[in-house]
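Quick note on labels: first sequence line is chain A, next is B, and so on, each numbered from 1.
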Amino acid sequence: MRPILHQVRVPSLPKRRREFARGASPAPDLGWIVNGGALSFTEGSSTPFNVAATGPSSYVAGGVYGVDVSGAALPSGMVLTDAGSLTVGSATAANQPGVVFSYFEPGALPTMTLNTGAASGVLPYMATVYPLEGTVPQGAMLVSPDDASLRSSVLSRWPDNSAQVMVLAGAKSLSAFTQTSIRLRPAVVSDTALTTAYIDSLLGDLVVNFGGGAQTFNNWTSGHDRTWWANSQVICARYRRSCGLGVLEAVIDVHAFVGGRVFVEVVVENSSMTTASPSKPAAQTYASASVVINGTQINGSGTGSAWAGGATHEAFRAWYCSGWVGGDPQIQVTHDTASIQAHPLLFKPTASAVYDFSSYVPAGTQFFGTAQKYGDDTYVPWNFGRHRWNGMGNPGDSRTIAYLPQWECSYVQTGSKHVRNAVLASGLALLSFPINYRDASGDVPTFGQLGAQHIGASFPYSGGSPFANYAAYGWDYAHCPAVGMVAFLCRPSPCFLEISQKAAIFNGLGQSNHQFGYWYETRGRAWCARNLGFAIFLTPESHPWKPTARSSLASNVSYFRTWETDPEQKLNLMWGFQPGGIHYRDEDGTPAGFQVSTWMHHFFAVVVHKLAAAKILTGSEQTELAAHADWATLQPVRFVNESTLGEWRYIAYKLNAGTTGGATSNDNLTSIGASSTWGAQRAWNKTDGPPALSGPFMAAGTPEVNAYASGWSVNNGDVEADAENTYTGQLWHALVAAVERDVSGAASAWATVNANVTNLATFKANGGKDCRLHHLPRNV
Amino acid sequence: MAAYTGPRRATSTATTVVVDASVASWLPAPAFFRNVSLANASTINPENGLGDQVYHANNGFDGTWIAYAGGAFASALGALGSMVFFSGGNGAYDGNGVVAYDIADRTWAMLSQPDNTGVYRTSTGPTSSNSTHSLDSDAVSDRVGLSGHYIKDGFGNAYAGTEVTGNSTTVWKPFPIHSLCGITYLPPDAGGGTYGSLIVVGHDMNGIRVLSANGKIFRFDLETHVWSAINFPFYQFQIEVAAEYDSFNKLLWVSNSGSNRPFVWSYLTNSGGVLNNPTINNSNNYGNLVYMPLRKIMVTLAATPPSTVTIRYLDLNGYTHGTSSPPGTSVTLTTVSSGNITGSAPVSMLINANGANDKLDYCDYDGCLYYLLRATGGTACTLYKLTPPAVGSESTGTWTWSSEPINQHDGSTTFACRGGRIEPTWGGRARYVHSLKSIIMSDSPSLPVQAIRSSSWV
């Protein structure tokens, strides 16, 4: 083909800014016209046409070109590379109007890696991806140029009906101990899903025996509660079978793959009850337990000993086992970091990991009470993984505490298969906490089924009160970890999806209206809203759990917004207890005035920002959520911009945020007396003038000293070294959220911080060790 | 700074991708013309073996080519597209069949046969063979009936703004028409159907009275071979209309001479109407239009011989198509300053009056406009080229006319352009075909189809 004369004559028209993945089929970029709308090739020619030279202009280079699903396909046989080189290939004479080219900026399309173990040959694999809004429009699926067998299923959708959570499966010929990239592309393909009859053709008896007699299940065709997902490569269906002891039952998820292999997952729960009239299940004791599928026991020895918390299986606790029929393909699927770090629910770290996670041993780990490599983490029934099994509510900067726990952040940072191993092991370990509610109908209870029931009104629970819980295996609202979202990304297991639902339900049991209210603390509001949001995100659109969960989150957002309109509200700050004029909580009675743990607000701001950006809600409820995220993230912006000089560099454990208070008993003040600006409030609190605009981040404990001249230490944001002094990091990641939202003044505050923090390079570099707080805005 | 939006996805405007057959040995070399058809169109004359039929009129099948006729290039009909013809009326030919030349197969076919069962010239039918206006000269549109007969005042106004197709009682076919410029192609992605559609804009030479509020645009679906029609209460077309497809907005634009304003219609949304502005005001010219997609402008030429050809264009950048009447924003009509036009335009061949009818065509290979100068049966013809200025500089940059001789390919073939009349020239019957980088021309059913190739189309 002759060089095209006008391929460079693309008019430089103004570009329309695309909202976060707005629209399944975005309107064409008005400036991107490919060669005047016509391309000509000759059969057999090898001369390429460079689509990339035509546009789109003003987009980040290095992404992926393709043919958009909204238009016609290229003539059969033509080849378009990711870089935009279009050749005629084997195409014969054709005239195809309506071809729409697409361009995805780097990070928009995920790439997976299949990490094999000792197995080789044609091996099935399964994976999860979280596409950005609009990437996989309604009607389209994900396919791969690297594996023609790959097919996908959509679980949940964005408001524009594009895919939000997808499960993929394929089968590929692989060698042992290799890494194989699987690129993903949206396409419209026909696909015929497998049915439960296929499961029936592969499975015989599943037999559970906990000492109450062998319990056999084999009704695979019609005995399922639900089909979680199905396509031509895999079907995943849910079954249950009583274990013969009280309500103890095996909750079984079967993944049957083309080629005959089956992955069977079993969660053993002591949980089932009628939610509307609940009766706490009796603890069960069993000296041995076996779960057998097709004649092979898949639970390890000793899983029936129920060692933790005594020799019994307490109500609402659970353990897990799994096994492969046909042989374990031993594939660990990991993700490219560019795509996961681009997701609105995740983040971009300030630095690359400094650790080699194939050999790194985290210090102070609580996994089995001993330090070990992430890659060695192994789930064991009743174990708590890296979570705090004894005293979740104990003080201290536990590695579970943050928007995501440390190991899940490390997966976002690295995409490492070793870290993935830790994510899965500790993800399953959450079953050990007493949050495993199940309605007798088979699903995790919905908020609708709960009605107004709550723990304070005798709704049954185990493990102690979730308010300030210091007990063994007790779940604590103010310290509970992130649940399910990253684990499901690492492996599409329904048990992870349900763990997120279980945590969300348990978190809502503190009040009759299931709002995260008076006793939850601001950080508890953050963690509980986060887990509720994650569960909504993961739950399939057709699942009955989803609608009332959305309503519950919307109810919480309405409650959160009462802080915005409280008459004492001056500083965009959520304080303890609640608004309303009689329950303002001064957290520290020693110094004068009203003290607030602003770092709790910072955690909260990050959570609501991410839930809003991920469009967890819809319609007016989503609008409310976004508005509240704007309000919450404005606090760090005002804190910086309203400083006279460098007051914003000084963050104490509890900051003064009002003039009222100072008494010993100060939990229920009726006023706050905040100044109208952070600058004025900080000046009221201090006996000396403001510190220099330029200098390092400074931190202090409590009570906050009333001068800048002493009592402060340089804070480098080293979360590992300064476990108690991460408050600058919390301010930082809340400011990052504000910048990503582009709230009023965010750009100015960001510029001020970046221009004047003298230890910023060190601060950012410490994100290489632990990036729970060390995020970067993705729009600057 | 803008809020984080995530990695973005961009999509291009729709692109037509053509793969040319590698066996184009029948094409001429650059700078030559050559016969390409395997047979003449006369071999498919529906009157062959039958004698003159009721639709024969004065010229019979030849009237499809000579009666101020036009054609369109249908890119999706056939492997390399087809040339489609529909013309007649005014006493030249009353056959309302649709004729197509398949460029890849190099053969002719009747896509629909002329209606032959009705009475064409009766006391209530069209009696005049020379009227330049409506065949019954009243204010109500006429049509062809289900049995092919002429129905006086048959259209009425009942279907304003709604496309209607054939049903048990009505066939929405146009009476044969002097197509002039009022014929174009609507591709599949603009609502034209699988193979696209032939668009015929009604005017008062096809028996459709149009100096009234009863205008028509007809659509012939090239897959189903079914006619349909839209009746427009806001119609204001006059005798010579130009229809041109806007590939960016996927809209049909219609313009004509005088003080009338452009009309725009979307077959995707069934919406459109007459714009508020501007008036074309080509008082000495028919409303020729040619779309330049890179620039999103519609060019129209004007000239009063022997003056210099005037270049005007409708700027469609920023046009937003609405759903009411008027359907969208006004567009700007710009007249290129004579000082910004260089070279010699083919004024001697009368880009005026009838002469400009759809003779310009856009070449998407080099982004220029081409005009094939008629040469009666000679061994060479002249191909004029109008090179536009840089994109975005249409009003301030220089438009350049140039020309080159195109010679016979083999030393014996004569240029297959009919002689005797100045007016028709090549009109819409010669179109640039992207997949061949050639103009394909058919000027008579008794002459071969020829490919004409610029020296720069290599």
Side-chain angles (χ1 to χ4, degrees), chain A residues 2 5-6 9 11 17-21 26 28-29 32-44 55-56 59-60 63 68 70-71 74-75 78 88 91-108 132 134-135 342 344 613 740-742 747 777-780, chain B residues 1-24 74-82 103-104 187-190 192 195-196 247-248 250 292-296 317-318 362-368 390-392 433-437 456-458:
Chain A
R2 179 179 179 273
L5 298 180
H6 50 272
R9 295 158 66 181
R17 183 167 71 86
R18 176 172 165 258
E19 297 301 326
F20 197 106
D29 185 315
W32 189 16
I33 303 171
V34 179
N35 203 48
L39 289 173
S40 172
F41 295 83
T42 302
E43 288 176 352
Y59 279 68
V60 177
D68 197 74
S70 64
L74 286 171
M78 293 195 76
V88 71
T92 56
N95 186 317
Q96 182 57 274
V99 175
V100 175
F101 292 95
S102 63
Y103 176 72
F104 291 91
E105 288 185 323
L132 301 178
T135 300
E740 288 198 345
R741 300 193 68 75
D742 192 26
R778 294 167 286 189
N779 54 334
V780 294
Chain B
M1 186 175 72
Y4 177 58
T5 59
R8 296 171 298 174
R9 165 190 175 222
T11 53
S12 73
T13 55
T15 306
T16 297
V17 178
V18 173
V19 177
D20 303 341
S22 59
V23 286
S75 59
L77 181 62
L80 297 177
S82 297
I103 290 171
D189 61 357
Y195 299 145
S247 58
F248 180 76
K250 296 183 173 58
M292 302 185 76
L294 265 182
R295 304 152 190 281
K296 303 189 191 78
N317 284 284
Y362 177 71
C363 170
D364 54 11
Y365 185 60
D366 55 20
C368 297
V391 173
V433 176
H434 179 91
S435 61
L436 301 180
K437 299 188 189 72
S456 62
W457 296 343
V458 296

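- Panel note: side chain A:Asn779, backbone B:Ala2; a donor-acceptor pair is recorded below 3.5 Å.
- The most heavy-atom pairs under 4.5 Å with chain B, out of A:Val780, A:Asp742, A:Val34, A:Val100, come from A:Asp742.
- For A:Arg741, the part lying near chain B is the backbone, with the side chain staying farther off; criterion is any non-hydrogen pair under 4.5 Å.
- When A:Pro777, A:Gly71, A:Ser102 are compared by the number of non-hydrogen pairs under 4.5 Å with chain B, A:Ser102 comes out ahead.
- Figure legend: cation-pi geometry between B:Arg9 and A:Tyr103 absent, as NZ or CZ is not positioned both under 6.0 Å from the six-membered ring centre and within 45° of its axis.
- Listed by chain and number, the residues in a side chain to side chain donor-acceptor pair (under 3.5 Å) with A:Gln96 amount to none (sequence neighbours excluded).
- Contacts between B:Ser247 and chain A at a heavy-atom distance below 4.5 Å are absent for every atom of the residue.
- Remark: B:Ala190 pairs with B:Leu186, B:Pro187, B:Tyr245, B:Lys250 by the side-chain contact (heavy atoms from CB on, under 4.5 Å) rule, at least two apart or across chains.
- Counting heavy-atom pairs closer than 4.5 Å to chain B, the top-ranked of the candidates A:Gly107, A:Ala91, A:Pro106, A:Ala94 is A:Ala94.
- Here the side chains of B:Pro293 and B:Tyr362 are in contact, with some heavy-atom distance below 4.5 Å.
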